[in-house]
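Proteins come first, then strands; the chains are lettered A, B, ... in the order of their sequence lines, and each starts at number 1. What you see is a predicted model; the values in this text were computed from it and never measured.
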2 protein chains.
Amino acid sequence: MPKTNLCRVMEESVDQAVEGNAQGRIRKANIERIMKAAEKVFASSGFRGSTTAAIAAEANLPKANIHYYFGTKEKLYRAVLDDIVDLWLSSFKGLGENDDPAATLSEYIRGKMELSQRRPEASRVFANEIIRGAPRINSYLSTELKDWVEEKSAILDKWIEQGRMASVDSKRLIFHIWIMTQTWADFEAQWSAILGRKNGLEPLDFDMATNAIITTVLRTCGLVPLPPRH
Amino acid sequence: MPKTNLCRVMEESVDQAVEGNAQGRIRKANIERIMKAAEKVFASSGFRGSTTAAIAAEANLPKANIHYYFGTKEKLYRAVLDDIVDLWLSSFKGLGENDDPAATLSEYIRGKMELSQRRPEASRVFANEIIRGAPRINSYLSTELKDWVEEKSAILDKWIEQGRMASVDSKRLIFHIWIMTQTWADFEAQWSAILGRKNGLEPLDFDMATNAIITTVLRTCGLVPLPPRH
DNA sequence: GTCTATAGACGGATAGAC
DNA sequence: GTCTATCCGTCTATAGAC
């Protein structure tokens, strides 16, 4: 299991929180509550627009506790970002060289869509950071994520060379899969307004989107027969 | 020509600024400078993260002038948003019923990509507003934009019915075109980090992206022959 | 119409009681 | 470990001189 940020925060104060202690349990529970609340508030207001008071209210804790556990708002934000990076990296398992292209791509898309549906706030915090120019996660983007893309696009290129799928721009294909899936979390407000959903997107919307994305990707890769015309 | 927001701001103070006057010209030039600066600052810092001082500095004007021309930061922000909405709507001309599907879709994609390349800040201001839940533009999304999508997806459906293109989920196809093109403005920081571009995306990156998007859309619509395998 | 100087509100952070 | 009260910097907005 990857070392999550929660673990890191816990470790920093290991002297105060021995596993199993009443204090340790309270500490852990409060840190989790604060980070969950912070993710929600940061997603809807951005870093600068979020106030520690709003996060405290969302977590049902007094404002001073935020500073007691995390020191500064900046440190809390970085803790939330780190957790999201861990979540992202854990979703990157798929795409092995010997897998079946169509099944692997479909499964990868399904996994990304489930993440958009289950953790939309995490996606929005991340998206916001990137729009701002990714000041705090640039090193992650240009190392781990860059390496992952190069590794996986090489696999796609190999599949193409072996005639197992049609010729495509493999990196751009990966980028397209990411944004088509993440947009259902990031831009939910836009899609639900256009689709006329008064109470946000429904599970059916995610199913239809998943199918549309899989269709687009498989047709792009020539992994399904040319669709019939009327 | 559509009534731009700049026009609206001008009209509000028509008593002070008769066309042709020295005052009128200064006023117009200053409003344009402020709005251009504001778009840049809002794009990189969000509404809350942007200060009127930063906008004034970017526009090379004293801070008080911002308030003199726009009253409040909120009003300036709405003026910038309105201008972007005008820009978006003007990019929505294409897609007529009697056009050629492949040519029309390609041209539409090219136009959207040019907009991403030419006005990335505008795109980012808009994206930021949507991530926040689109509080200020919800009415625009659920009326004009919704109507546009319904009109254009009906045309796509007609093309499908007439056997001029393969069966696709027409609304999702439009959404996919939007995000695949806009992401090159909104998430530029991510893509340039992954592609290893130290100084941001290059014109070639936009060309490659344009080609990849056109390929994806045309293959999805069955408008190009199934690509050859090795 | 322009700009300096400042009022006034807000929010991050902390001291210190419990 | 918890929470109230408060400090102090920052930012929006405006008054008033030019």
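- Closest to the His67(B) side chain, of the nucleotides dG1(C), dA13(C), dA13(D), is dA13(D).
- Summarising the geometry, the separation between OH on Tyr77(A) and P on dG12(C) is reported as 14 Å, rounded to the nearest angstrom.
- Residue Ile34(A) contributes atom CD1, which lies 9 Å from atom P of dT2(D) at whole-angstrom precision.
- In this structure, the side-chain hydrogen bond (donor to acceptor under 3.5 Å, both in side chains) partners of Tyr108(B), at least two apart in sequence or on a different chain, are Trp178(B).
- Taking all atoms of both residues into account, the shortest heavy-atom contact from Arg172(A) to Ala212(B) is CG-CB, 3.5 Å.
- Taking side-chain N and O atoms only, Asn30(A) has no distance below 4.0 Å to OP1 or OP2 of dG1(D).
- Considering only side-chain atoms of Tyr68(A), the nucleotide from dG1(D), dC11(D), dT14(D) that sits closest is dG1(D).
- Each of dC10(C), dA13(D), dT10(D) was ranked by its minimum atom distance to the side chain of Arg48(B); first place goes to dC10(C).
- Atom CZ of Phe42(B) is separated from atom P of dC11(D) by 14 Å (rounded to the nearest Å).
- Summarising the geometry, the separation between CG on Asn65(B) and P on dA15(D) is reported as 16 Å, rounded to the nearest angstrom.
- Set against dT2(C), dC10(C), dG1(D), the side chain of Ile26(A) has dG1(D) as its closest nucleotide.
- Put simply, CG on Leu76(A) is 10 Å from P on dA13(C), counting in whole angstrom units.
- For Ser170(B), the side-chain hydrogen bond (donor to acceptor under 3.5 Å, both in side chains) partners at least two apart in sequence or on another chain are Asp157(B).
- The ring pair (Phe, Tyr, Trp, His ring centres under 6.0 Å) search around Trp191(A) returns Trp184(A), Phe175(B), not counting sequence neighbours.
- Taking a cutoff of 4.0 Å between a charged side-chain nitrogen and a carboxylate oxygen, Glu74(A) and Arg78(A) qualify as a salt bridge.
- Whole-Å rounding puts the Tyr69(A) OH to dC3(D) C1' distance at 12 Å.
- Protein atom CZ of Arg25(B) is 13 Å distant from nucleotide atom P of dT2(C), rounded to whole Å.
- Listed by residue number, the members of residues 51-64 of chain B with any heavy atom below 4.0 angstrom from DNA chain D are Thr51(B), Thr52(B), Lys63(B), Ala64(B).
- Taking Glu151(B) as the reference, nothing meets the salt bridge (Lys or Arg N to Asp or Glu O under 4.0 Å) condition, with sequence neighbours excluded.
- With sequence neighbours left out, Lys63(B) forms a salt bridge (Lys or Arg N to Asp or Glu O under 4.0 Å) with no residue at all.
- Here dG12(C) presents its P atom at 4 Å from NZ of Lys73(A), a figure rounded to the nearest Å.
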